[in-house]
Amino acid sequence: MKKKICLLPGDGIGPEIIAEAVRVLETVGQKFGHEFLFTEALIGGIAIDIKGTPLPQETIDDCKAADAVFLGAVGGPKWDHLDNASRPEKGLLGIRKALGLFANLRPATLFPELAGACLLRPDIAARGLDLIVIRELTGDVYFGEPRGIETQDGKRIGFNNMIYHEDEIRRIARIAFETARKRRRKVCSVEKSNVLDVSRLWKDIVIEEHAAYRDDIELSHMYVDNAAMQLVRDPSQFDVILTGNIFGDILSDEASVITGSLGMLPSASLGASAPGLFEPIHGSAPDIAGQGKANPLATILSAAMMLRLAFDMTKEADLIENAVRKTLQEGYRTGDIMEPGMMLAGTQKMTDRVIKHLD
Ligand code: NAD
């Protein structure tokens with residue numbers, strides 16, 4: 001199979017970790033007879049330095065011409081003085097918008113080898129944590145109109161509008177049900193329908209969409225405040241969490257942080273048609289950039305997600321995920337996940353071990 005991948009290395013550790021994940025992809029490509037054609041484009045701070053904007057038009061064009069987009073990270077102290085409209089992060093929001101990416105998929109997995117890093121009590125961690133948060137990305141209170149700050153009777157009021165069109169709910173619900181089919185077949189839809197009208201609609205539409213999946217997918221509903229509690233009380237109960245933009249923003253961060261390993265977690269953002277965007281959830285880690293210390297595993301696992309979701313290459317994705325697990329089982333750790341008795345490895349060494357286990 002021939003696939004075009006647009007690389008957006010970005011800033012900080014971005015270029016280092018993308019280079020390592022590309023080595024893994026090339027090895028997998030050779031093994032399975034696939035040809036991955038890589039192009040590289042500018043985004044974030046580096047794009048500001050070279051082109052004067054965090055998202056040059058050429059980058060959008062290159063991404064749209066690809067089968068998938070593979071991003072490192074953007075941002076850093078060098079650009080912190082810029083105003084919000086011209087900061088590196090604007091490039092990220094811009095590319096999501098330009099590609100129409102409405103679904104954000106964030107797995108939170110606790111590797112048994114890293115259970116010591118988990119922020120939960122050992123007896124809770126022992127039950128396991130292997131869930132995915134599917135967050136709607138382009139609607140909700142973040143984008144609803146009207147919005148603003150106005151003065152009424154001499155006092156200022158601020159307001160936003162939490163709004164969902166039923167079509168927006170249907171398409172994200174379908175992504176959740178389809179994702180569940182490839183996992184443990186359970187979807188929990190999270191909303192606040194005891195208080196919010198928009199959530200009542202959300203729940204109704206999710207139930208309607210479930211009709212086509214009733215035979216094999218279990219659907220449950222949970223209020224967001226309860227979901228936030230259940231994530232720390234017993235995350236093992238969740239398989240797929242389906243939710244809107246603002247609730248998903250908060251819950252996906254909560255689910256990630258309890259694993260204790262930021263450098264291990266991948267993500268995907270998908271639209272109605274290709275290309276999707278795949279990236280680690282962590283930032284550009286400017287404190288360790290250029291030192292060969294970055295953990296490449298979140299990016300390597302993002303590459304596995306890309307193979308699975310964008311190219312339907314299940315065996316290839318499984319192989320990468322197993323190789324990551326074997327590397328951890330062997331006892332290799334980068335600094336961020338280091339524990340006593342383990343072997344400290346840098347970015348390249350860690351990738352070398354993963355590549356070794358692809359055999
Ligand atoms: P960060 O994720 O970059 O770093 C937080 C801490 O985790 C740091 O100590 C860092 O060294 C460590 N860390 C992160 N990834 C690591 C890895 N792969 N291996 C080893 N250690 C790792 O978050 P931050 O410090 O809040 O932000 C730094 C910059 O990144 C900021 O400019 C921020 O805006 C940007 N950022 C970008 C993205 C993105 O591109 N998607 C996401 C979050 C933050």
Side-chain angles (χ1 to χ4, degrees), residues 7-21 24 41-49 54-55 59 63 69-97 99 101 104-106 108 111 114 117 119 135 137 248-250 252-254 256-269 276-303 305 324 327-328 332-339 342 344-351 354:
L7 304 175
L8 304 178
D11 309 314
I13 60 170
E16 302 165 45
I17 52 179
I18 287 289
E20 296 305 307
V24 173
L42 297 170
I43 194 165
I46 179 115
I48 295 172
D49 291 352
L55 185 63
T59 298
C63 289
V69 179
F70 192 31
L71 182 125
V74 299
K78 183 175 177 193
W79 304 280
D80 276 352
H81 65 283
L82 297 172
D83 60 63
N84 275 353
S86 45
R87 284 168 70 99
E89 291 78 1
K90 204 72 189 164
L92 206 50
L93 296 177
I95 195 65
R96 285 179 183 150
K97 189 160 180 225
L99 298 178
L101 305 174
N104 184 235
L105 281 64
R106 288 237 316 234
F111 292 87
L114 301 180
L119 303 186
R135 164 188 172 194
L137 209 54
D249 191 359
I250 298 161
S252 60
D253 269 3
E254 184 188 355
S256 310
V257 81
I258 56 184
T259 68
S261 313
L262 203 60
M264 296 295 303
L265 298 173
S267 78
S269 300
L277 185 145
F278 301 84
E279 56 177 324
I281 68 154
H282 59 71
S284 60
D287 51 332
I288 54 164
Q291 299 172 33
K293 290 179 180 171
N295 184 347
L297 296 182
T299 316
I300 291 170
L301 291 168
S302 302
M305 262 187 115
V324 166
T327 302
L328 295 174
Y332 285 99
R333 302 282 188 275
T334 42
D336 57 316
I337 52 173
M338 187 60 190
E339 285 179 87
M342 297 294 144
L344 185 64
T347 313
Q348 278 183 14
K349 172 82 179 179
M350 204 70 175
T351 313
V354 173

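Just so you know, ligand 1 is whichever comes first in the structure, and atom 1 is the first atom listed for that ligand.
- If you check which protein heavy atom lies closest to atom 25 (O) of ligand 1, you get Pro286 CD, 4.7 Å.
- Here's the thing with Ala285: one of its N/O atoms is less than 3.5 angstrom from an N/O atom of ligand 1.
- Under the 4.0 Å distance rule, the nearest protein heavy atom to atom 32 (O) of ligand 1 falls inside the cut-off.
- Here the heavy atom of the protein found nearest to atom 9 (O) of ligand 1 is Asp287 OD2, 3.0 Å.
- At the shortest separation from atom 38 (C) of ligand 1 among protein heavy atoms lies Gly283 CA, 3.6 Å.
- Rounded to the nearest 0.5 Å, atoms CG (Leu265) and OG (Ser256) are 5.0 Å apart.
- Of all the atoms in ligand 1, the ones that sit under 4.0 Å from a non-hydrogen atom of Ile13 are 17 (C), 18 (N).
- Residue contacts with ligand 1 for Thr334 are absent, since no atom lies close enough (heavy atoms, distance under 4.0 Å).
- Here the side chain of Arg333 pairs a donor or acceptor atom with the backbone of Leu328 at under 3.5 angstrom.
- Atom 39 (C) of ligand 1 has as its closest protein heavy atom Leu92 CD2, 3.7 Å.
- Atom CG of Asn295 is separated from atom CD1 of Ile13 by 8.5 Å, given to the nearest 0.5 angstrom.
- Protein heavy atom nearest atom 29 (C) of ligand 1, with residue, atom name and distance: Ser284 OG, 3.3 Å.
- Among all protein heavy atoms, the one lying closest to atom 21 (N) of ligand 1 is Ile288 CD1, 3.6 Å.
- For atom 40 (O) of ligand 1, the choice among Leu8, Leu262, Val74 with the nearest heavy atom turns out to be Val74.
- Residue-level proximity to ligand 1 for Asn295 is carried by backbone and side chain together, each with a heavy atom below 4.0 angstrom.
- When heavy-atom distances to ligand 1 are checked against a 4.0 Å cut-off, Asp336 comes that close only through its side chain, counted from C-beta outward.
- Proximity to Gly76 (heavy-atom distance under 4.0 Å) selects the following atoms of ligand 1: 32 (O).
- Nearest protein heavy-atom contact of atom 34 (O) of ligand 1 is Glu89 OE2, 2.4 Å.
- Atom 15 (N) of ligand 1 is flagged as protein-proximal [any protein heavy atom, distance under 4.0 Å].
- Close N/O approach between Lys293 and ligand 1 is not found [any backbone or side-chain N/O within under 3.5 Å].
- Here's the thing with Ala73: none of its N/O atoms is less than 3.5 angstrom from an N/O atom of ligand 1.
- A salt bridge between Asp336 and Lys293 is absent, with no side-chain N of the basic residue lying under 4.0 Å from a carboxylate O of the acidic one.
- Of all atoms in ligand 1, listed by their number and element, those nearer than 4.0 Å to a heavy atom of Gly75 are 32 (O).
- Applying the side-chain contact (heavy atoms from CB on, under 4.5 Å) test between Glu279 and each of Ile17, Leu71, Leu8 identifies Leu71 as the sole match.
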